[in-house]
Amino acid sequence: MRPSAEPPTAPDLYDLAVIGAGCAGLSGAVTASELGLSVALLDASPQIGGQFFRHPAPATGAARPEALHHDWSLFTGLRRRLEASAVDRLGGHHVWSVVRDDGPWVVHAVTGSDGGEERAVRVRARAVLLATGAYERQLPFPGWTLPGVVGAGGAQAMLKSGLVLPGKRVVVAGSGPLLLAVASSLAAGARVPAVIEASGYLGYARHPYALAANPHKLTEAAVHGGALLRHRVRLRTRSAVTEVHGTDRVEAVTVSRLDRDWRPVPGSGRRIACDALAVGHGLAPQIDLATTLGCATRTTPDRTTALVLDASQETSVRDLWAAGEPGGVGGARLAGVEGELAGLAIVARLRGHPARRGRVRELERRRDRMRAFADAMAAAHAPGPGWPQWLADDTEVCRCEEVTAQSVRAAVTDLGARDARTVKLFTRAGMGWCQGRMCGAAVACLAAPHPSADPVAEPAPERRPFAVPVPLRALGSLDDPVRTRPADRHH
């Protein structure tokens with residue numbers, strides 16, 4: 001980042017606006033900047049690193065933040081390049097819309113913690129790179145709204161950014177490789193009686209090439225497995241938390257065996273005492289900004305929705321690229337490779353000369369190899385069609401609007417709803433603060449005419465004008481001149 005005693009005024013027009021300061025965004029931003037483009041890097045957090053490389057604020061006094069991460073050197077390398085670059089970093093900027101009429105792109109954001117400053121900022125750029133990451137997918141079950149139930153990724157974020165544990169005795173449950181990483185991190189400071197994995201790991205055996213081509217993934221699994229063994233954490237596969245018990249907060253969970261379709265096996269429930277539950281069923285790409293622009297999408301092997309990207313990481317909309325999780329969840333290393341690929345392609349487009357073919361071919365090979373593993377991973381942990389049998393009639397499916405499973409089912413059987421959008425109109429499911437991020441997959445599955453044919457039945461991407469909540473005062477300032485004040489820029 002460009003050092004300066006007096007920060008210069010922001011350019012009227014950047015070459016590139018990068019949205020998201022995780023591995024993909026950092027890699028794309030520094031690559032483009034090092035090759036001569038003017039770059040603005042926007043992120044909602046005041047810190048760089050994204051969700052994967054969350055780290056404590058200096059005020060916590062953490063001496064070794066790298067102890068909570070693997071691949072820390074990947075982040076430190078990108079951070080060094082960013083500090084040495086001319087990238088303008090705009091932290092605390094919550095991007096709510098990206099638009100283009102006949103001219104350049106205009107990125108709309110509000111500033112401050114959760115947009116609380118209510119000040120509108122607009123950044124104009126010739127090209128945009130979306131590196132917006134992913135959010136956790138949750139499948140509801142009785143008791144999941146009790147205090148002490150947190151997302152698996154949320155528990156890890158609490159630990160990485162605040163050095164805070166969700167409890168003293170934490171069960172980790174759901175599906176996906178994130179569970180092993182979360183459990184091994186939590187076990188260093190809390191008692192983790194069990195990791196409950198709804199799928200198994202034998203599904204990886206169906207993809208021997210992907211395993212052989214990505215030995216670092218096996219190394220990661222071995223590291224996490226070793227940590228669980230040291231802390232005597234039990235791993236239970238083909239099982240799920242089907243109920244949480246407690247009054248004011250979590251006191252215990254019921255763990256049931258699952259059949260191949262994720263239906264609970266009758267009589268298999270066993271209680272485990274705990275004071276917290278970290279649960280998640282994989283990650284879903286965050287593509288709100290892209291779908292609003294009409295970008296083409298695809299369904300991933302675990303039934304989430306990702307963007308269709310070409311070999312250079314460009315979306316179906318010209319001059320709009322994406323890297324990392326928006327193209328399908330695949331981890332930090334893959335995100336870094338895709339970010340660099342996108343950066344090179346953007347430089348080639350805007351400068352009018354071909355990218356360095358040798359480096360591009362190397363990156364494409366690495367991307368394709370890691371993307372093959374990501375697809376194998378997604379297929380191995382895809383939710384089965386029987387999971388709705390976890391739900392009691394009074395289980396809240398949409399926690400924002402307090403819509404129960406019975407209400408959703410009644411909308412289908414009594415009112416004729418056949419998709420998530422119609423259920424929303426009848427019940428308000430998905431109309432709350434999270435806008436369906438927590439309940440969308442569950443509602444869509446319950447609304448599907450034949451849920452057994454579509455394990456999760458992700459709802460079709462919606463084209464929303466706002467990707468995040470926007471204060472009316474910020475909307476009222478849209479006619480003001482496009483400007484980013486120097487005080488908001490970090491050098």
Side-chain angles (χ1 to χ4, degrees), residues 45-47 49-72 75 113-114 133-138 141 143-197 220-221 223-236 239-241 243-255 271-283 332 399 438:
S45 173
Q47 290 187 303
Q51 297 294 333
F52 188 85
F53 285 116
R54 276 180 178 262
H55 50 282
T60 63
R64 295 178 59 246
E66 66 273 13
L68 296 173
H69 299 82
H70 61 272
D71 285 339
W72 183 249
F75 170 66
S113 177
D114 294 327
Y135 55 89
E136 283 194 90
R137 175 169 59 186
Q138 296 290 345
F141 48 87
W144 76 306
T145 58
L146 266 176
V149 179
V150 298
Q156 194 173 47
M158 291 169 62
L159 184 59
K160 287 181 176 181
S161 61
L163 306 180
V164 175
L165 294 165
K168 296 180 179 179
R169 186 177 173 88
V170 188
V171 170
V172 178
S175 186
L178 178 63
L179 302 186
L180 299 180
V182 170
S184 62
S185 297
L186 294 178
R191 174 79 175 99
V192 180
V195 175
I196 313 299
E197 167 62 63
E220 286 179 20
V223 169
H224 294 317
L228 298 186
L229 285 173
R230 286 196 307 274
H231 294 287
R232 299 180 181 180
V233 178
R234 184 181 178 186
L235 175 62
R236 294 183 58 175
S239 301
V241 169
E243 188 172 2
V244 179
H245 309 279
T247 51
D248 296 329
R249 68 168 291 119
V250 176
E251 298 172 6
V253 297
T254 291
V255 177
R271 280 202 183 203
I272 298 178
C274 60
D275 62 359
L277 169 66
V279 60
H281 296 86
L283 300 172
R399 57 196 305 167
M438 291 287 288

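These values consider heavy atoms only, across backbone and side chains, with no hydrogens, waters or symmetry-generated copies. Keep in mind that what you see is a predicted model, and the values were worked out from it rather than measured.
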Show the numbers, then the answer: is there a side-chain contact (heavy atoms from CB on, under 4.5 Å) between Arg236 and Val255?
-> CA-CA 9 Å; Arg236 294 183 58 175; Val255 177; 3.8 Å; yes
Between Val241 and Phe141, is a side-chain contact (heavy atoms from CB on, under 4.5 Å) present by the stated rule, with each step listed?
-> CA-CA 8 Å; Val241 169; Phe141 48 87; 4.0 Å; yes
Indicate yes or no: at least one non-hydrogen side-chain atom of Lys168 is less than 4.5 angstrom from one of Arg191.
-> no
Check step by step if side-chain contact (heavy atoms from CB on, under 4.5 Å) holds for His245 and Thr254.
-> CA-CA 8 Å; His245 309 279; Thr254 291; 2.6 Å; yes
For residues Ala190 and Val170, report the shortest heavy-atom separation together with the two atoms involved.
-> CB-CG2, 4.2 Å
Which distance, rounded to the nearest 0.5 Å, do you find between the CG of Leu283 and the CD of Glu136?
-> 6.5 Å
Determine the minimum heavy-atom distance between Pro166 and Leu186, stating which atoms define it.
-> CD-CD2, 3.9 Å
Tell me, do Pro193 and Val233 make a side-chain contact under 4.5 Å, heavy atoms counted?
-> no
Expected output: side-chain Gln138 to main-chain Met438 donor-acceptor under 3.5 Å | no
Is Arg54 reaching over with its side chain to a backbone N or O of Ala157, donor-acceptor style, under 3.5 angstrom?
-> no
Please confirm whether the backbone N or O of Phe52 pairs with a side-chain atom of Lys160, one donor and one acceptor, at under 3.5 Å?
-> yes
Glu197 and Ser239 side chains, donor-acceptor separation under 3.5 Å = no
Ser184/His224 under side chain to side chain donor-acceptor pair (under 3.5 Å): CA gap, chis, key distance, verdict | CA-CA 6 Å; Ser184 62; His224 294 317; 3.1 Å; yes
What pair of heavy atoms forms the shortest contact from Leu277 to Ala173, and how long is it?
-> CD1-CB, 3.9 Å
Is it the case that more than 12 heavy atoms not belonging to Arg249 sit under 6.0 Å from its CZ atom?
-> yes
Are the side chains of Val244 and Val149 in touch, meaning some heavy atoms are under 4.5 Å apart?
-> yes
Flag side-chain contact, heavy atom, 4.5 Å: Gln51 against Tyr135 | no
Using atom types as modelled and distance alone, determine if a side-chain donor or acceptor of Arg169 lies under 3.5 Å from a backbone N or O of Ala273.
-> yes
Does the side chain of Val253 come within less than 4.5 Å of Cys274's, by heavy atoms?
-> yes
Any side-chain heavy atom of Val171 sitting closer than 4.5 Å to one from Val192?
-> no
Shortest non-hydrogen separation from Ala155 to Val150 and the atoms involved | CB-CG2, 3.9 Å
Phe53 versus Ala332, closest heavy-atom pair with distance | CE1-CB, 4.2 Å
Nearest non-hydrogen partners of Ala183 and Val195, listed with the distance = CB-CG2, 3.4 Å
For the pair Asp275 (side chain) and Gly167 (backbone), establish whether a donor and an acceptor sit closer than 3.5 Å, ignoring hydrogens and angles.
-> no
Let me see the working for Val172 and Ile196 under side-chain contact (heavy atoms from CB on, under 4.5 Å), right down to the final yes or no.
-> CA-CA 6 Å; Val172 178; Ile196 313 299; over 6 Å; no
